[in-house]
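Everything on this sheet refers to the single structure shown next.
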Amino acid sequence: MRFEMLSKLFGRRIWCFNVFTLCILVSACTGYPYFRESIPNGNKVPHPCIKGLYWEGVGHENYKGSGTRNSFGLDFEKNSKVWNTELCNKDSDGDGLTNGQELGDPDCTWTPGSQPKTTENLSHPGICEPFDSPLCGGKPSFVNCEDTGRLECDSRNEPDTFNFTVRFPETKVPNKETTYMCITFELPMDKEYHLIATEPVIDNSDIMHHTLVYGCEGVNVAPRELMKPMECGGTMDGCRELFGGWSIGGNRDSQKPKNVENQICNADSAKHSKYYENIILQHHWNNPQKLSNYKDSSGITLHLTPKLRPYNAGFLMTGQFHLEIPPGESHYEASGSCGGSCLSQMVNGTIYVTKVNNHMHLLGAAQFTELRRNNSFVMHLAEDKVYDYNTPVSHDHKNPVMIQKGDELKTTCVFSSITKSQVTRFGDATSDEMCLAFFTYYPKENFQSGRCVSWKSLSFCETRQDVIRGCNRRKILNLADPDTVNITMTVNALCVPEECRIKCLNYVRELKQQPCFSGDVGDFIRNVLRRTARGTLDLSSWFARLDSCDRELLKETLEDGINAGRAATPLFTTVLLAILCLLRMF
């Protein structure tokens, strides 16, 4: 137990040393839509071979933005991302026209916020056109003349299919980097429907990062005011059934497998145990410049049909909810698992996976979600050897993959934190991190939950238990429980922040051997308290008191190790003595 504390506390100091060894911080590369406002006609650059389609990421090979830069994007980066006479007069793609001529600023007089000289006869400054001219010599390999950004969906043309659009009223975007905003709508309740496709309605692409649709299950969901936007963070109350959405870099619409549709509305609750009367539309607005003049009224169109499919689709989230990524690391791994006995407890029968999407944020470098059976690797369900936050990849399985009791779904994330100077933790903001995978499967009825996410070494099933590895979670989290009250009051009476008193040391030495105050279980209890006990207990002060003797406990651990090591190997003893000397320096 004490060596676990040694690793945890000393590890923090190692992270600090890594920060001081960094000589150069590399700028993070990500595609922000507001760069389009930094060049003339940035929102109107035409696709070179698909009429009516704009090249949204003007400086990138991916027309939706982000990823590898094209020739204009490289020149824009070298020019400090500023439009001036030098960049305007440059012919980035070598087609004989200057960047200014292609973007409607032939005289190089445009400045941000002003009107370009012309908005007609524009062309792409990073793609040599026409393709067959002597200067160009053919179509660049990164230009796809068939990718229109729309998926064909024959089901939408069925006679009974209809559209149901939900969107925000024009809403002011807060002047902060990350905002999660929600609005509640009623669904049609005249009969039972299946959702066959979704199509986003993007009003302000400068700040829209993603939008999700959640169904509100059952009658126990907290009542919400309809049609009123409100900040919601990651809290969805009982509205957790994800069944549609869009994210930056993704297709403009999506359809579900023809025979695997998601049941989103039942007319008669007496015949169905779960039904959705309401849905929540959740927007993630990304405003890194913290501008105050943005507004948005984006939404999503649901394509519904009363022609029910054979199966109901379900959505499952797996991965790791706890992240502490040290700064200055070029390769840092974290993983989470839904497997073995836990998955067996949640599966009522065989399920079939049709799609998997990996998800991290800006530090994400690679991610692998795999199926394991009998403790052995079976296959990758989603393999992103190179992960790009702004261009997510959907891993579709035309032959659905069977998942059964005893299987394991393991997600491994690789992060590069070389640009960071402090620890990055799990969180909703783009500057935080995530390590998650999203599955589409059928039939929905064969899986009991929409999530199976680890917390450090704790399985999802363990985090739902009343007793976790010997810790009575229900008792310790009840701040009115007599034993919990006694612990709280004793720590307050004996301990003070940043000063170890002998009576405090004697008390917390024994307390920190108990399951609720040690190891991953202890960290999990702390995390739950921070989320649930706000306003009830001054947690920052109380935890500072509880941890005031950690240094002394660590020294005791080292001294015990040295005494035990004398009978083992001299090298082991020498290492512990060196660590103890370093500790005394701080």
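Within the 3.5 Å criterion, the main-chain N or O of Ser337 finds a donor-acceptor partner in the side chain of Ser454. With hydrogens and angles ignored, the 3.5 Å screen pairs no side-chain donor or acceptor of Asp75 with any backbone N or O of Phe72. Panel note: side chain Thr440, backbone Thr354; no donor-acceptor pair is recorded below 3.5 Å. His359 places no side-chain N or O within 3.5 Å of a backbone atom of Phe438 that could act as its donor or acceptor partner. In terms of modelled atom types and a separation under 3.5 Å, the side chain of Asn70 and the main chain of His60 share a donor-acceptor contact. Panel note: side chain Asp296, backbone Asn204; a donor-acceptor pair is recorded below 3.5 Å. A donor-acceptor pair is defined here as one N or O able to donate and one able to accept, closer than 3.5 Å; such a pair exists between the side chain of Asn348 and the backbone of Glu445.
There is no side-chain donor-acceptor pair under 3.5 Å between Gln320 and His322. Under the 3.5 Å distance criterion, with hydrogens and angles disregarded, no donor-acceptor pair is assigned to the side chains of Thr179 and Asn287. Using modelled atom types, one finds no donor on one side chain facing an acceptor on the other under 3.5 Å when comparing Thr301 with Asn163. Side-chain polar atoms of Glu170 and Ser297 form no donor-acceptor pair below 3.5 angstrom.
Every residue meeting the side-chain hydrogen bond (donor to acceptor under 3.5 Å, both in side chains) condition with Glu370, not counting sequence neighbours, appears here in chain and number order: Arg372. In this structure, Arg464 has no side-chain hydrogen bond (donor to acceptor under 3.5 Å, both in side chains) partners at least two apart in sequence or on a different chain.
Applying the ring pair (Phe, Tyr, Trp, His ring centres under 6.0 Å) test between Tyr352 and each of Phe439, Tyr441, Tyr311, Tyr442 identifies Tyr442 as the sole match. Looking at Thr305, Val213, Leu304 one by one, the single match for side-chain contact (heavy atoms from CB on, under 4.5 Å) with Leu195 turns out to be Leu304.
Other residues, nucleotides and ligands place more than 12 heavy atoms under 6.0 Å from the NZ atom of Lys139.
Pairing of Cys452 with Cys342 by a disulfide is not supported, the SG atoms lying 2.5 Å or further apart.
In this structure, the ring of Phe426 has its center less than 6.0 angstrom from the ring center of Phe321.
Ring planes of Phe162 and Tyr193: perpendicular class, angle over 60° (limits at 30 and 60°).
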Legend entry - Steps toward side chain to side chain donor-acceptor pair (under 3.5 Å) verdict (Glu102, Ser123): CA-CA 5 Å; Glu102 298 205 57; Ser123 55; 2.6 Å; yes

Inset, instruction - Any chance you could lay out the side chain to side chain donor-acceptor pair (under 3.5 Å) test for Asn358 and Thr369, step after step, and finish with the verdict? - result: CA-CA 7 Å; Asn358 287 329; Thr369 297; 2.7 Å; yes

